[in-house]
Structures are given as structure tokens and as C-alpha cells.
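In what follows, a single structure is set out as C-alpha cells and then discussed.
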Protein chains: 2
Amino acid sequence: MVPVQVRRMTRPTVNDIAREAGVSLATVDRVLNARPGVRPKTILAVHQAIDRLGYVRDLAAANLARSRSYRMVALLPDTDSQFVQTLATALTEAAALAAASRTELELLRYPPEDMHILAARLARLQPEDTAGVALMAPETPIVRDAVRALRGRGIPLVALGSDLPNTGRDHFVGIDSHAAGRTAGVLMGRFCRGLKGRVLLIADSMLLRDSIERRRGFDEVLQADFPDLDAMPTLETHGAPDVLHRIVGDRLAATPDVVGIYLLGSGHRALAALLRDRDLLGRFVVIGHELTPHSRSALRSGHLDAVIAQNPGHLARSALRVLRAKADRQPIDEGQEQLRIEVVIRENLPPEPADDCHIRAA
Amino acid sequence: MVPVQVRRMTRPTVNDIAREAGVSLATVDRVLNARPGVRPKTILAVHQAIDRLGYVRDLAAANLARSRSYRMVALLPDTDSQFVQTLATALTEAAALAAASRTELELLRYPPEDMHILAARLARLQPEDTAGVALMAPETPIVRDAVRALRGRGIPLVALGSDLPNTGRDHFVGIDSHAAGRTAGVLMGRFCRGLKGRVLLIADSMLLRDSIERRRGFDEVLQADFPDLDAMPTLETHGAPDVLHRIVGDRLAATPDVVGIYLLGSGHRALAALLRDRDLLGRFVVIGHELTPHSRSALRSGHLDAVIAQNPGHLARSALRVLRAKADRQPIDEGQEQLRIEVVIRENLPPEPADDCHIRAA
DNA sequence: TCATTTTTGAGGAACGTACCTCATAAATTG
DNA sequence: CAATTTATGAGGTACGTTCCTCAAAAATGA
């Protein structure tokens with residue numbers, strides 16, 4: 001029986017540091033909170049005492065004393081995409097839990113058709129009343145400028161779900177689209193083992209960075225490892241179920257040798273409806289993105305073979321944690337914030353999140 | 001622009017509840033902490049005030065006032081299994097983070113060959129100095145009794161990685177082995193599309209519940225959906241690389257129609273070595289469990305096709321969170337504690353965790 | 001050396017909750 | 001109705017930190 005880690009009876013406090021370093025409590029405080037007016041020599045002495053004692057600041061007490069309440073803002077597009085809806089729910093749930101640690105979240109939706117409205121909303125946010133912003137938006141020039149201005153004002157911002165690499169955002173909470181596309185490519189290739197034919201790709205819009213990167217990753221893998229499969233040009237549905245039904249239906253009718261379908265964006269329900277109408281269920285290997293009620297039911301019934309997903313609960317919690325850390329100017333735990341590219345098939349489908357999750361003061 | 005959630009200027013405190021309910025602070029305190037000596041009628045009035053104000057107890061302040069420090073104990077088998085090592089590291093890292101919120105972890109290893117030593121260690125733990133226990137152990141009668149006694153003393157216990165369903169453990173932190181086995185089965189079946197032959201199964205020991213359940217799930221799927229594949233009897237290696245090398249080597253030599261290998265437990269390195277020695281790399285579909293340095297490198301080099309994994313970081317953090325919640329008698333967030341059955345292929349292999357993760361007082 | 005600036009010390013109030021004591025008010029019992 | 005039990009109130013201290021003020025000491029410049 002090997003004790004790997006031993007325990008101190010009582011944790012050292014700021015007073016212990018003061019005594020150990022031979023300085024006053026006030027000086028320790030100045031050092032701990034990086035306040036000015038301390039000689040480098042003294043700073044060093046305090047840090048050495050901290051190291052010697054193994055002091056860890058009690059965050060609970062610190063935040064209590066600060067009596068700081070963190071008001072975060074989340075901005076999501078106001079689309080009826082199931083994924084965005086799920087994410088909104090996850091954010092609300094994460095916020096309910098974070099409420100116990102003085103973190104509040106205002107969840108806002110912006111009309112996706114006009115980025116000026118989003119930009120105007122971002123422009124109104126001030127550091128005094130906003131501790132951080134989580135934003136899900138495509139990286140248009142207008143958005144880019146608005147985000148840059150926001151960060152110029154000192155407000156931390158994390159990109160949610162879709163990255164904004166050229167805005168100087170503090171962090172990206174989400175998965176690498178290119179790797180996600182590669183993953184989809186490998187699954188498509190392997191599930192189609194022994195088959196030869198074409199693969200249909202369906203996206204909302206090929207103007208979205210995510211779709212472009214997924215497609216690129218998918219193509220790379222197919223070309224390199226699965227020469228029997230041929231990826232067709234992407235069909236764009238613009239989020240409209242009827243458009244999907246029509247153009248994908250036409251394409252399927254015109255292309256007899258389709259063996260697989262890769263749904264890059266939303267449209268699980270419309271695709272399932274189309275395949276059902278044409279009596280084509282189970283004829284293709286179908287791979288899609290994101291776990292939603294529709295993709296879940298398609299997985300369960302076997303009409304969808306795999307889903308590449310990011311966990312909305314993790315997204316939401318990670319976004320809040322990162323914003324909180326940024327607000328506290330604390331380092332973030334990279335390992336914990338690393339979102340996984342989840343591969344979901346029928347057999348590892350996580351149980352439907354229960355809605356009867358009541359959280360109240362004990 | 002729709003504000004989905006609005007914000008109160010200042011959060012209500014216990015004093016606000018007292019005023020709102022028309023009682024004293026002392027009474028509110030009695031109700032909040034379930035102390036005796038309050039009439040049901042008064043309790044109700046306080047609860048109504050709480051609901052009306054939307055009060056959420058400030059956990060930071062509460063724990064500070066309690067000046068409670070949570071001493072958790074984690075018990076892992078002292079094997080040189082890579083997964084256990086990774087988990088130990090993850091636990092230590094999670095503990096470093098949790099230290100900021102008054103949670104300490106003592107990580108102990110017990111000799112896996114004699115459960116009596118583990119049982120004796122558990123018997124020594126007292127509620128006064130132990131806020132909770134995370135235990136990774138097979139469910140033998142000795143362990144079962146020791147865990148029951150521990151819980152009888154009022155110490156919360158979570159099963160880590162491998163469940164202890166008949167001990168009354170408070171929670172299981174890990175993935176469903178049966179579903180994991182089914183997932184492996186589906187991947188094996190689909191990756192072997194068009195092939196006909198036998199699948200070799202390798203386990204450490206078929207006395208371990210996890211291996212039994214994985215095998216059962218795997219068999220179910222193969223029988224139901226992939227009749228061309230035939231799962232052979234499990235080979236047991238007892239964790240010894242040389243045993244694996246010998247018996248798997250013999251079996252492969254004696255069985256020409258093997259198309260797939262399912263590694264139920266540890267042994268990634270030994271299997272890779274064997275296949276390399278016999279020049280058999282890439283000849284079979286190989287599926288295994290857990291992400292370790294060896295399985296990572298096998299995935300990268302293409303000798304391993306997929307890994308079914310549970311995230312050790314999540315395991316560790318979840319265990320600490322659950323124990324903390326149990327110690328506080330707080331409800332746990334099922335959604336957050338739901339471990340995913342991860343499917344890892346080369347393309348969605350998460351980046352190697354960096355070792356230079358320094359956490360210190362800011 | 002003296003004047004000036006910089007650095008340090010001592011002390012206290014506050015954050016929101018827990019938990020203690022003692023006194024008093026209210027309800028219950030005989 | 002008095003005697004007793006039970007419920008409630010008032011007030012305090014403590015937790016570990018932040019952040020403030022004011023005074024004193026030390027270092028720096030001329």
C-alpha cells in the first residue's frame with residue numbers, strides 16, 4: 001500500500017505566507033493580486049514562501065471577497081436548427097449550475113440573415129457589465145470587426161462551435177472541422193468496403209467555413225485511401241427541407257451508382273423523409289453530423305450509420321469555464337477543454353437527456 | 001434580438017429570505033441546513049420565500065463558512081497497465097485543480113493479487129477523515145463486503161472504471177461494458193464488410209466482469225447482424241505479454257481464416273509486437289480498448305483500426321465531482337457525469353496530452 | 001544631508017454562509 | 001391556568017480572501 005500523495009493537516013493561508021516570507025499580509029496581497037508598488041526582491045521572497053508552503057489560493061474565499069458576479073453573454077443564431085436548439089438548452093442548463101458560483105448567463109439569439117444586428121449587439125456590450133461572450137457565428141468581415149472591437153474593449157470572447165480564427169478570439173470551443181471531415185471519410189470508406197461507386201455530399205451552404213473544411217477533410221481521405229469511392233460535387237440546401245428533398249431526390253434519380261451519402265450540415269429529418277418516400281432506406285451508407293432528436297431516431301432505426309458529433313453539454317460547460325477563467329485571468333486546463341470528435345453509432349448512442357432535471361437549493 | 005434570460009441586479013441572500021418569509025436569519029439557517037426545531041408551517045414559509053426570490057445558495061461562501069476540507073481517497077490496483085497509469089495521472093491532475101476548492105485526494109495503489117489488503121485499507125477509513133472514496137476493483141465477495149461496511153459508516157463511494165453493482169455504491173463512473181462490447185462488434189462487422197471468417201478475442205481474464213460483458217455485447221451483435229463472422233473462444237493472457245505472444249501466435253498459426261482481432265483488455269504492445277514478428281501487420285481488422293501510448297501509436301501506424309475508450313480525464317474529474325456532490329448531499333448533474341463510449345480511429349485521435357501543464361496560484 | 005519618492009506595515013470592513021449561545025415567545029401538556 | 005416543552009429571535013464569531021486607508025520605514029535623488 002503506497003501513499004502516493006500525502007495530506008497537510010491545514011492548508012496554508014495568506015497569513016502563513018506572510019509569516020514565512022517575513023512580510024506583512026498587505027504585501028502578500030499585493031503580490032498575489034499583482035498590485036503595483038512591491039520591489040522585485042520582495043515579490044520573489046513571497047513567491048518562494050508560496051512554493052515552500054505549497055500554498056493554493058482558496059478560490060471560493062477569493063471570489064466571495066471579490067463579491068464579483070460574472071455576467072456572461074451567449075449569442076446564437078436564431079435558426080430552427082436542432083443543433084443550435086440543443087446547444088441553447090445545454091447553455092441554459094450549464095448556466096443553472098454555474099449560478100451557484102456567481103456566474104450568470106444571458107442567452108441571446110440573433111437573426112442569421114443580417115450580421116449588422118449581431119454586430120450592433122456586440123458593440124453595445126461594455127466591460128462593466130459583461131465578463132465574457134460566447135459567440136456562434138460565421139466569420140464575415142462585419143463579425144470579425146465587431147469581435148475585434150469587443151476584445152479591444154477588454155471583453156473576453158470564445159468562439160462557440162464554429163471558429164473565428166482571424167478575430168483574435170481568446171479560445172475556440174468546438175471540434176476541428178477538418179479532422180471531423182476526415183473521420184467521416186474514414187468511416188464512409190470502411191463502411192463501404194468492397195463497394196465501388198459515388199458518394200453524395202449535402203451541405204447547407206458551401207460558404208460556411210465548417211462545411212468547406214469538412215468537405216476538404218473528407219475528400220482527402222477518400223482520395224488517399226478509398227479510390228473506389230468518388231465524392232460528387234456538394235449539393236446546397238440552404239437549410240430548406242423542401243430544397244433538400246427536391247435536389248437530392250433529383251440527383252439520386254440521375255445517379256444510379258451512389259453508395260454513400262454524407263450530410264455535412266443539417267437536414268437529417270428531410271433526408272430521412274426523402275429516403276422513406278423513395279423507398280431507399282438502408283440502400284446507402286449514410287453519415288452525418290451532430291446528435292439531434294432526428295439523427296438519434298435515424299441512428300436507432302438504422303437509416304443513419306454514423307454521426308460525427310460534438311457534445312453540446314461539453315461545449316456549453318467548456319465555454320462557461322473558459323470565460324470564467326479568462327475573467328479571473330486564470331490559466332485554462334487544456335485537457336479538460338479539449339473537445340472530442342465523437343463517433344456515434346447505434347450501439348454507443350448516449351441515453352436521451354432527461355428533462356426532469358430539477359436543481360434547487362438543498 | 002430576443003433576451004432569453006434576464007438578470008437580477010444582486011442575488012438574494014439568506015437575509016433577503018428572512019425578510020421575505022418574515023422570520024429570523026436563524027430560522028432560515030435552520031431550514032436551509034435541515035436542522036431540527038422548526039415547525040413544518042415555518043419550513044414551508046421559508047421554502048416559499050426561497051422560490052419566490054429564486055434564491056440559490058452561494059456554495060463558495062457556504063463551503064468557506066463550513067471550512068470543510070474534503071479529503072477524498074482513490075484506490076487503484078497497482079498494476080503496470082497503461083490505462084491504470086493514465087488514470088492515476090488524470091486523478092492527480094484533477095486533484096491539483098480541485099485543490100483550489102478545498103478538495104484533496106490521496107491516491108493509493110493496492111496489490112491486485114490480494115483483495116484482503118484492499119479490504120483492510122477500506123476498513124481503516126473513517127468518516128471523520130474521509131469525505132469519499134473512488135475505487136477501481138473487481139467485485140469479489142471480499143471487496144463487496146468491505147464496500148458495504150464503508151457505506152454503512154456513511155462514507156460515499158464511487159466505482160471507478162469498473163462497476164460494483166451489488167455493493168450499494170453511490171455511483172458508477174465509467175462506461176457500460178456491454179454497450180462498449182456491442183460498439184466494438186458493430187465496428188468489427190462493418191469494417192469486415194464482405195469478408196467471411198473468424199474473429200480472435202483476447203482478454204486478460206474472463207473472470208473480470210468487464211471482459212465478460214464486453215464479450216457478451218460483441219457476440220450479440222456478431223450473431224444478430226454479421227453472420228459471416230464467427231467469434232472464437234476467448235484467449236486469456238493474464239496480463240502477461242509473453243503469454244499473449246505465445247498463445248495468440250499459436251492460435252493464429254492454427255487458424256488460417258482469421259479476419260479480425262478484438263482485444264478486450266490490455267496487451268496492445270504485445271499484440272503489435274507479435275503481428276510485427278509474424279509479418280501480419282494490416283492483415284486483420286484489429287479493435288481494442290482504451291487510449292494508451294501503445295494503442296495511440298498502433299492507431300497512428302494503422303495496425304489498430306479502432307479503439308473503444310473512456311476518457312480518463314473525464315473519469316477522474318467526474319469521480320471527484322460526484323464525491324464532492326455526495327459529501328455536500330447535493331444532487332449530481334446526470335448529463336455531465338454521463339461518460340461517453342468513445343470511438344477513436346486515427347482521424348479523431350485527440351492530441352497527446354501535454355506534460356508541461358503547470359498549475360499554480362496566479 | 002535633507003527632501004522626495006517608493007515600499008511596506010498595521011488594521012479594519014466586507015463578501016455570504018455556518019454554527020454557536022442565550023433569551024424570549026409561542027405552543028402544548030397536565 | 002401554571003408548568004413545561006418547543007420554536008424562534010438576536011447577536012455574535014468564524015472561514016480566507018480582497019481591498020481600502022493611513023502611517024511608518026526604507027530607498028532614492030539632489
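Chain letters run A, B, ... following the sequence lines, proteins first and then strands; every chain starts at 1. Note that the coordinates shown come from a computational prediction; the quantities given were computed from them, not determined experimentally.
- Think of the region where chain A sits on DNA chain D: with heavy atoms and a 4.0 Å cut, that region ends 5' and 3' at D:dG16 to D:dA27.
- Side-chain atoms of B:R317 and B:N311 include no donor-acceptor pair closer than 3.5 Å.
- Between the CG atom of A:N15 and the C1' atom of C:dG11 there is a distance of 12 Å, rounded to whole Å.
- Looking at B:V23 and B:V31, their side chains never come closer than 4.5 Å, going by heavy atoms from C-beta outward.
- Residue A:P40 is the one, among A:P40 and B:L64, whose nearest nucleotide of DNA chain C lies closer to the 5' end (criterion: closest heavy atom).
- Using a 4.5 Å heavy-atom threshold, the side chains of B:R109 and B:V84 count as touching.
- A:L122 is listed as a side-chain neighbour of A:L135, based on a closest heavy-atom distance under 4.5 Å.
- A donor-acceptor pair under 3.5 Å links the side-chain atoms of A:D16 to the main chain of A:T13, judged by distance alone.
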Between the protein and nucleotides 19-29 of chain C, which nitrogen or oxygen pairs come in under 3.5 angstrom?
from: C:dC19; atom 1: OP2; to: B:R35; atom 2: NH1; distance (Å): 2.9

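- Rounded to a whole Å, the CG atom of B:L32 is 15 Å from the P atom of C:dG16.
- Partners of A:R35 according to the salt bridge (Lys or Arg N to Asp or Glu O under 4.0 Å) rule, which considers only residues two or more places apart in sequence or in another chain, are A:D29.
- The backbone N or O of B:G168 sits less than 3.5 Å from a side-chain atom of B:R151, completing a donor-acceptor pair.
- The shortest side-chain heavy-atom distance between A:R57 and A:N33 falls under the 4.5 Å cut-off.
- Regarding contacts with the backbone of C:dG9, a side-chain N or O of A:T27 is found under 4.0 angstrom from either OP1 or OP2.
- If you take CZ of B:R11 and C1' of C:dC15, they are 12 Å apart, rounded to a whole angstrom.
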